[in-house]
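Worth saying up front: this structure is predicted, and the values here are computed from it rather than measured.
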Amino acid sequence: MLRKLVYCLAAGIVALPVLAQSERVSDYVNPIIGTNGMGHTFPGACVPFGLVQLSPDTDTIPHNVNGEYQKDAYKYCAGYQYSDPTIVGFSHTHLSGTGHSDLGDILIMPATGELKLNPGRASHPEEGYRSRYSHATERVSAGYYEVKLDDYGVKAQLTATPRVGVHKYTFPAATDGHLVLDLTHGIYNYDGKVLWANLRVENDTLLTGYRITNGWARTNYTYFAISFSQPVKEYGYVDKKKPMYTGFWRRFNMEKNFPEMTGRSIVSYFNFDTSASPELVVKVALSAVSTEGALKNLAAEAGGKTFEQIAASAADSWNGALSLFEVEGTEDEKAMFYTSLYHTMINPSVYMDVDGAYRGLDHNIHQAKDFTNYTVFSLWDTYRAEHPFLNLIAPDKGADMVESMVCHQQQSVHGMLPVWSLMGNENWCMGGYHGTSVLADAIVKNVYTTRTGEALKAMVETSNVDYYEHIGDYKRLGYVPFEKSSTAVSSTLEFSYDDWTVYQTALRLGNKEVADRYYKRALNYRTVFDAETGFARPRYADGSFKKDFDPLQTHGEGFIEGNSWNFSFHVPHDVYGMIDLMGGEKTFVKRLDDLFEMHLDKMYYEKNEDITEEGLIGGYVHGNEPSHHIPYLYAWTSEPWKTQFWTREIIDRMYRNDINGLSGNDDCGQMSAWYMFTVMGFYPVCPGTDQYVLGAPYFPYLKLKLPNGNTLEIKAPGVSDSKRYVKSLRINGKRYDKLYVTHADLLKGGVWEYEMSSRPDKKRGQQPEEKPYSLTNGIK
């Protein structure tokens, strides 16, 4: 019996992939979801949390030309757009679902016929080495990608290990083929991004080399070792930026069959006798440390193994990781579920060699002792749900990620935890210092139990770097003044929450002095609320609020990637205090209702790359992170059933088994982690507490194998769009009326039995003791 995942597209109906029905839950993963439009996911091969993401790139739009931003580059944050007609080649590093980008390292393209060493244009692919392709020949699954390159008749198959990308190319019969290895290619590329590249032909089946790039990761070292399954006949390269000085290297003809190639704009080629042996397997191992490290990674993970063995191992690794869950639903719902779970396990990524060596933030080589070092911490996004989700399902990885972040802080010349960590670099993207949230959440849930004192020290030092985002002014005034920062209000709200995470950690660790100090800082959110309007509003150093304020506007009003209508709800640690500032519960509930039900004019989002109409429900922006906790805020009010209504509405509208199936950037798993929590029926509104706020389950049955060996079963017979409300919940046979559960509750496992209804039960969860955590009970 065959199962098809069918997509209805404007151009017609395309079916892919065709997968055999089996017991393997990984067969439900569809990496094509979100590869068009705003999702910014990639379809290629990787394994859980691997350094390598081997995937096709479909164009070469530069980030800027002579310093002028090229807006079409935004589409290519993951290198691939489903609607593109050509493939440029297959590169080894990609970011999953981000709204800015980098990487695309070490691009390889197989070809036949005339040698071409530039990619050409999509409108005229014959000008370069790119090739047309058809989605009908694409086969995608967890850990595997396949396509036919129509211009060359080459079948390309890709798979991966954590540190090695593995290619298998089958060339047409009686045709000699070659590979183009383009060390100038990159995602969000621009002239001069490659600072230096080096390539050595060690023998006729082995290459080593490196390149150093200056991009979002300011100084990114990528070392590699490449093995071929058959010998190279001849090879060469061009340097598109001829050096002004070559010294006595000029005595050689370096451009052909010379084993050392180096420069700022290197494109090389390697010819093979594929007419005699049409299959060519290429193994590309990466390291941030050295070519020696890359060779060790190659030997340890891919040495002596066939393509088929490695592909099977990749599939097994995904099936093992995804088999934590069992779920009942339609084929489309299962595809969405397991693909979302898959997306939560791509980033963060392992960033060390098999021997534990890694490049630190200081660009020195360090040795990881008793932990795995990770990179790609998109913390403004992922502190909300991605890291709490990993703390639930993979606490060993959560602990290693915290240790990696503590090491980052200790290697930082600024003494700061990561803001946005990328390939041994800090790229400073977005606001706040949300590393404190990730540490606090892991500590309160007993995920991280080793260097907790050093973790708290790192949190305190991070929150006192006065020149970062005007923290000095924030500490002095209680807010960031608008004349100093265009994101003054959102920064103040984010700092206030982050300060609460320091307070919470100090409290847990028994440090009263720090706890008392950060309790006061945690209340700084109050300083930017305007009593007249009940909205968070920009404020100047003299204490006055900005006049002519528009709370719907996303530009020029003191917020980053959001407006006051959404950001004013960003007080997850003191919801009752926020309710009072907005005018009391009645006004608060009305504002929540209005947010979901309003009509938002296009003028407020049409010039914002990260917000589109598809990501909106009224004025609620699910396509961007600041709003993700908002549907759960009804739990603190007398109308908690509205959470049950809106969370199902969001899932139905924003998560679909389709190339355009994500309403916004998946942002290294955050969008998918929101989905995973929400279909289970709970969400970590305030990471750093041990509580999850209850909504309602999406599926009639879900089972989770917990890391401690227990099992959690969630049963909701008859749940549907028409029966979305919780009439009752029994946990292990006992009635449960609280609107939250604790982490310890979850780890006990057992059976949760829901009775669902078409009408809300307006009596559940109304008692004060049934409400979730709030720092205060309101303004005193």
Taking C-beta and beyond as the side chain, do V489 and V480 meet within less than 4.5 Å on heavy atoms? no

L324 CG to I393 CD1 distance, which is reported to the nearest 0.5 Å: 6.0 Å

Scan side-chain atoms only and decide if D441 and Y448 contain a donor-acceptor pair under the 3.5 Å cut-off. no

Please find out if less than 6.0 Å separates the ring center of Y433 from that of F495. yes

Name the orientation class of the two ring planes belonging to F567 and H570 (parallel below 30°, tilted from 30 to 60°, perpendicular beyond 60°). tilted

Please enumerate all residues that pass side-chain contact (heavy atoms from CB on, under 4.5 Å) together with E613, with sequence neighbours excluded. K602, Y605

Would you check, one step at a time, whether the test ring-ring contact (aromatic ring centres under 6.0 Å, His included) holds for Y374 with Y351? CA-CA 5 Å; Y374 285 89; Y351 195 65; over 10 Å; no

Considering only heavy atoms from C-beta outward, does the side chain of N391 approach that of F389 to under 4.5 Å? no

From D666 CG over to M38 CE, what is the distance, rounded to the nearest 0.5 angstrom? 11.5 Å

Just checking R656: does its CZ atom have more than 12 heavy atoms from other residues, nucleotides or ligands closer to it than 6.0 angstrom? yes

Here the gap from N189 atom CG to D102 atom CG, rounded to the nearest 0.5 Å, amounts to 9.0 Å

Derivation of the side-chain hydrogen bond (donor to acceptor under 3.5 Å, both in side chains) call for S568 and S564: CA-CA 5 Å; S568 292; S564 187; 2.9 Å; yes

Geometric class of the Y338/Y28 ring pair [parallel <30°, tilted 30-60°, perpendicular >60°]: parallel

Check: L286 and D105 side chains under 4.5 Å, non-hydrogen atoms: no

Answer with yes or no whether the side chains of D57 and H185 bring together a donor and an acceptor at under 3.5 Å. yes

Ring centroids only, cut at 6.0 angstrom: are H434 and W420 within range, meaning strictly under it? no

Output, in order, the C-alpha distance, side-chain angles, deciding distance and verdict of side chain to side chain contact (heavy atoms under 4.5 Å, CB included) for V402 and H387. CA-CA 10 Å; V402 168; H387 284 284; over 6 Å; no

Centroid separation under 6.0 Å, is that true for the rings of F42 and H94? yes

Is there a donor-acceptor contact under 3.5 Å linking the side chains of D667 and S378? no

Can you confirm whether the side chains of T678 and Y632 place a donor and an acceptor under 3.5 Å from each other? yes

Report the C-alpha distance between Q553 and Y604 in whole Å, list the side-chain angles of each, state the deciding distance to 0.1 Å, and finish with yes or no for side-chain hydrogen bond (donor to acceptor under 3.5 Å, both in side chains). CA-CA 5 Å; Q553 182 56 258; Y604 289 115; 5.8 Å; no

The side-chain hydrogen bond (donor to acceptor under 3.5 Å, both in side chains) partner of W380 among E625, E494, Q670, E561 is E494

Flag side-chain contact, heavy atom, 4.5 Å: P162 against L51: no

Under the criterion ring-ring contact (aromatic ring centres under 6.0 Å, His included), I'd like the reasoning laid out for H414 against Y468: C-alpha separation, chi angles, the key distance, then a yes or no. CA-CA 9 Å; H414 308 282; Y468 172 74; 8.9 Å; no

Compute whether any side-chain donor of one residue and acceptor of the other, for T501 and T436, lie under 3.5 angstrom apart. yes

Under 6.0 Å between ring centres: does that hold for Y692 and Y683? no

Per the side-chain contact (heavy atoms from CB on, under 4.5 Å) rule, which among L54, L158, T159 passes with Y145? L158

Side chains of Y76 and T58 in contact at under 4.5 Å (non-hydrogen atoms): yes

State, yes or no, whether a side-chain contact exists between V621 and W565 at a heavy-atom distance under 4.5 Å. no

side-chain hydrogen bond (donor to acceptor under 3.5 Å, both in side chains), paired with H622, selected from W674, W646, Y655: Y655

Kindly indicate whether the side chain of Y474, heavy atoms from C-beta on, has any atom under 4.5 Å from the side chain of S496. yes

Taking the six-membered ring for Trp, are the ring centroids of H40 and Y74 within less than 6.0 Å of each other? yes

Has the side chain of S412 got a donor or acceptor atom that lies under 3.5 Å from a matching backbone atom of H408? no

What about the rings of H135 and Y82, do their centers lie closer together than 6.0 Å? yes

Are F699 and F337, when compared by the centres of their aromatic rings, separated by less than 6.0 Å? yes

Please confirm whether the backbone N or O of A217 pairs with a side-chain atom of N427, one donor and one acceptor, at under 3.5 Å? no

For the pair S491 and T487, evaluate side-chain hydrogen bond (donor to acceptor under 3.5 Å, both in side chains) and give the outcome as yes or no after the intermediate values. CA-CA 6 Å; S491 292; T487 63; 3.3 Å; yes

For the CD1 atom of I630 and the CD1 atom of I617, what is their distance to the nearest 0.5 Å? 11.5 Å

How about T35 and Q81: do any of their side-chain heavy atoms sit closer than 4.5 Å? no

Backbone N or O of V29 within a donor-acceptor pair of the K334 side chain at under 3.5 Å? no

What about the rings of W216 and Y188, do their centers lie closer together than 6.0 Å? no

D652 vs Y698, test: side-chain hydrogen bond (donor to acceptor under 3.5 Å, both in side chains). Steps then yes/no. CA-CA 10 Å; D652 286 347; Y698 189 83; 2.5 Å; yes

